[in-house]
Visitor: 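Dropping a structure here in structure tokens format, bear with me for questions.
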Amino acid sequence: MDMIDYPDGEQFSPGHVACAGCAEALSLRVILNTLGADAIAVVPPSCTAVICGGYPLSSVSIPVQHTTLESAAASASGVKRSLNALGKTNTTVVCLAGDGGTYDIGLQALSSAAERNEDILYVCFDNEGYMNTGGQKSSSTPLNAITGSTPAGKLSRKKNLVEILAAHRIPYIATCSPAHLSDMSAKIKKAASIRGTKVIMVIIPCLPGWGVADDAAVKTARMAVDSGVFPLYEVEDGVDYTMTIDTRNQSVNAYLKQQKRYRNLSDKNISDIQADVDKEWEYLLGRARK
Amino acid sequence: MDRQPSPLWTNSSSLLRKTGTWRSAKPEYILSPSPCLGACPVNGRIAEWIGLLMEGDVKGAWLTLVDNNPFPAIAGRICHHPCETVCNRQQMDEAVGICSLERHVGDVAMREGWSFPVPEKEGEKSVAVIGGGPAGLSAAYQLRRLGIKVNLLEQQPQLGGLLRYGIPAYRLDKKIVDYEIRRIIDMGVDVELSAEVDDQHALQKLHDEFDAVYIATGASQSKALPGLDYSQSWVIDSAEFLSATNAGEPCSLGSDLVVIGGGSAAIDVARTARRLGKSVKLLSLEPEHLLPAQKTEVDEAIEEGIEFVTAAQMQSVSKDGGSLILECIRINFNQGEERGKFTINPVPGSEFQLRTDAIIPSIGQDADTSRWQSLLDSDGTVVKTDDCWQTSTQGIFAGGDVASMDRFVTQAVGMGKQAAAEIGYYLEQLLSGSPVMNANETEFSEINTNYFPAAARNKQADLEVDDRLQNFSEVQQPLAEDHALAEASRCFSCGSCIYCDNCYLYCPDMAITKLKHGYEVKSDYCKGCGLCVAECPTGSVVMLEEGQGTA
Ligand SMILES: Cc1cc2nc3c(=O)[nH]c(=O)nc-3n(C[C@H](O)[C@H](O)[C@H](O)COP(=O)(O)OP(=O)(O)OC[C@H]3O[C@@H](n4cnc5c(N)ncnc54)[C@H](O)[C@@H]3O)c2cc1C
Ligand SMILES: Cc1ncc(C[n+]2csc(CCOP(=O)(O)OP(=O)(O)O)c2C)c(N)n1
Ligand code: SF4
Ligand code: SF4
Ligand code: SF4
Ligand SMILES: [Mg+2]
């Protein structure tokens, strides 16, 4: 059997207030333990902020700076430069942000940090919506998905943030899934070893936001990868694409059917989504082959 | 676990918050029977020993195997392996080659010379076992493990029963039989060879002398084919033919033979005769696709040049000079509802002749129940026993072919094991300690197949046909070491934890503690999400509503 292999530790504590079965808490466990004790986290408002904190208790062993939704990457740049000034150049500064704080409200700060190639690791927990505030759409919400602010399903497609970031020619971008924990840990480790701006996008099937069962976040993430909806890959220096998994073994159907946010999809919607996923997949494979 | 409160502005750890109160169901670790265990006639803990094999612990695998079956090298060669027909892995690709792995472990044990311990404490009680076939030897082995003295009486000059005198060497090398029997005898079994217990008086005597008696005399009488004159020199009893050949003194026959019958034994007779250089026809009532023999046996027999004359019946025999003429007719064979309850209708005008030198009828064996008539009730075919394998006379137990129509080696081994446990309980209220298992068999739906990469079954090679016919070398070849390991790792370990840590690592709440060998759920923090259960590859952890127990 395929064994999970990553250095587990005690960087993340029980008693946090993530929903039962939350894949974001699961991913935090892997990321924090992979980074170890010599790290500082910068966290904008998001589920992560709630999971890490709940004043005066903390579930995270490293220091966490809670910042504003607009400014995670800017705050992290400041923290990193301060540490450098203190001679603590080895400490990893990691942003732990949501998709709302990354694709939308914090995008200018991230773009500026990337343009300056600030030495930060930026992790985006992409649950495809503003979830801790009750589930509104973000520009990461996919086409047709129902959210509190798109009751008939979203009318526009999901923004391709990886391409935006790649256009900054930063040294490292990677996608991860909570169904592939060894891979997540390996990519975090690799990113932490690189100087400059690194961004890791983690797909997080949000249990209440997507409408999946308490025990199904990992399964849903696995289906997202296996169907090609959320491919696992790396982009180095903005141009070198490498597929982590370059095969798909299922259609999008089971993945979509499993989520209540897609409850109103017509057959036509499904086949359109499939066609789009197919096209994007081929495009990505083409990039990776070059 | 000592955790420092987090520094800086927050002043304490979230450990203070007991999120376990959110929960309505809690995971519980269970040991459940795999389907293969349920189907295995000795109830071998297959998932467990294959798991050990996977880890590279062959000795551990062997010890688990021989808990239920002292003959892994034998069973690994000739067991009818009903376990594989129910294997969960079939629903993904192909069944795990359980039997080939059992042989692998058995062969390693022989190579390494692993032996069974002599009982530490000798008890007061002693049991007479009549018959040294698989049933009798299995009972003797299990009785010795309980510290009970065993006197084994065998009418033949050597032990083994049909393992030695029935099953041909090209399927089961007699060196293997010698080895696995010797290992049992070395536990301190008193053996008397060429010691026939001829009748009910002799049985009564044993009953008086010993605390209990176990009868495992097999089914040694060949069923007679109606209308055939068995006194003729050209009619040869199949059991005699096989036993003489296995003993290295084949009967003298002409060059052309007709074997009558369609079961495994008939195929064994035919293939044995081929190896003696005969040309062989096999005449059966059943059409080829309904032959009771296994398909692989039929295929191998055809490869070896045996001519199948199926859906036909012999009606009479006449002599023509030096050879025989068999008058035969084609028939319509109707299988019927129950095994053995078939009907046949000759097809008018389809008569034909077969020319041959001798006939070997091989249509089944009956148990000799008449010799024990006044002591033991029988139903005409087998000795009657109750749920505890006890016959109509208290203190006399029976098993194997003499007491059952489940006529397979491992069935006999399983019956011997069960009878030994019953005898142990009858004599000394001894209880044998098998691990407690959850009642429900692990179903395919409980296996998370995402953790098992697709992999075709590692198949055993067969000897080339030309090489097979030269002698009695084993046809089926062992799995190479690396193939055995690869095959073992195809097993889902249904219902048996493999300590993969998935449950532990997937918990978003760090609510599982690793113990030295196992895991524990922290009630204070588990929110009851069920992720650990969903991502367990083997179905070894289940969600239970709060307050419910498993057993
Ligand atoms: C040709 C052939 C091939 C077979 N092939 C297979 C196979 O591939 N796989 C499989 O699973 N099964 C096979 N079987 C069936 C299997 O061999 C039997 O089901 C099994 O051996 C039964 O075990 P047993 O211990 O009950 O009887 P046996 O093996 O028949 O042993 C009985 C023993 O008792 C001794 N005995 C009998 N009467 C007395 C007495 N009065 N006093 C003292 N000793 C006595 C006999 O000499 C013998 O040693 C085959 C059977 C035959 C005939
Ligand atoms: C400028 C600004 N607008 C709105 C908010 C309110 N707010 C707090 S968290 C949040 C949602 C963030 O969504 P996302 O970044 O995707 O994180 P998630 O909750 O999904 O983890 C919003 C809208 C805010 N804190 N600041
Ligand atoms: S997968 Fe393994 S444990 Fe499960 S039924 Fe097959 S052999 Fe038995
Ligand atoms: S994954 Fe953790 S929190 Fe969820 S049921 Fe299992 S032990 Fe409890
Ligand atoms: S997940 Fe792995 S370690 Fe946990 S119960 Fe299942 S088999 Fe055992
Ligand atoms: Mg979000």
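Chain A is the first sequence line, chain B the second, and so forth, proteins listed ahead of strands; every chain is numbered from 1.
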Visitor: Using a cut-off of under 4.5 Å for heavy-atom pairs, which of Ile498(B), Thr19(B), Asp509(B) has the most such pairs with chain A?
Guide: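 The residue among Ile498(B), Thr19(B), Asp509(B) with the greatest pair count is Asp509(B).
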Visitor: Once rounded to the nearest 0.5 Å, what's the spacing between atom OH of Tyr55(A) and atom OG of Ser12(B)?
Guide: 11.0 Å
Visitor: Could you check Ser58(A), Pro14(A), Ser13(A) and say which one makes a side chain to side chain contact (heavy atoms under 4.5 Å, CB included) with Ser14(B)?
Guide: Ser13(A)
Visitor: Using a 3.5 Å distance criterion without hydrogens, assess whether the side chain of His16(A) forms a donor-acceptor pair with backbone atoms of Pro508(B).
Guide: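 Yes, because the side chain of His16(A) sits within donor-acceptor range (under 3.5 Å) of the backbone of Pro508(B).
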Visitor: Which of residues 176-189 of chain A get closer than 4.5 angstrom to chain B, counting heavy atoms alone?
Guide: Pro178(A), Ala179(A), Leu181(A)
Visitor: More than 12 heavy atoms of other residues, nucleotides or ligands under 6.0 Å from NZ of Lys26(B): yes or no?
Guide: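 Atom NZ in Lys26(B) is crowded, with more than 12 foreign heavy atoms closer than 6.0 Å.
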Visitor: Within this structure, what is the OG-CE distance for the pair Ser59(A) and Met510(B), rounded to the nearest 0.5 Å?
Guide: 7.0 Å
Visitor: I need the contact set between residues 480-497 of chain B and chain A: heavy-atom distance under 4.5 Å, sorted by residue number.
Guide: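 Those residues of residues 480-497 of chain B which have a heavy atom under 4.5 Å from chain A are Ser489(B).
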Visitor: Taking non-hydrogen atoms and a cut-off under 4.5 angstrom, which of residues 524-535 of chain B neighbour chain A?
Guide: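 Within residues 524-535 of chain B, near chain A: Tyr525(B), Lys527(B), Cys529(B), Gly530(B), Leu531(B), Ala534(B), Glu535(B).
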Visitor: Against the six-membered ring of Tyr504(B), is Arg29(A) placed for a cation-pi contact (under 6.0 Å from the centre, within 45° of the normal)?
Guide: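 Checked: cation-pi criterion met.
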Visitor: Can you tell me if NZ on Lys18(B) sees more than 12 non-hydrogen neighbours from other groups inside 6.0 Å?
Guide: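 Atom NZ in Lys18(B) is crowded, with more than 12 foreign heavy atoms closer than 6.0 Å.
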Visitor: Quick check on Met1(A) against chain B: is it the side chain, the backbone, both or neither that has a heavy atom closer than 4.5 Å?
Guide: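 Backbone plus side chain of Met1(A), per the 4.5 Å heavy-atom cut-off to chain B.
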Visitor: Using only non-hydrogen atoms and a strict under-4.5 angstrom cutoff, which residues of residues 447-454 of chain B touch chain A?
Guide: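 Near chain A, by residue number: Asn448(B), Asn450(B), Tyr451(B), Phe452(B), Pro453(B).
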Visitor: Name the option with the most non-hydrogen atom pairs under 4.5 Å to chain B; the candidates are Ile4(A), Val218(A), Asp226(A).
Guide: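 Ranked by heavy-atom pairs under 4.5 Å with chain B, first place is Val218(A).
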Visitor: Below 4.5 Å from any heavy atom of chain B, which atoms of Val17(A) appear? Answer side chain, backbone, both or neither.
Guide: both
Visitor: If you tally heavy-atom pairs under 4.5 Å against chain B, which of Asp8(A), Ile51(A), Leu26(A) wins?
Guide: Leu26(A)
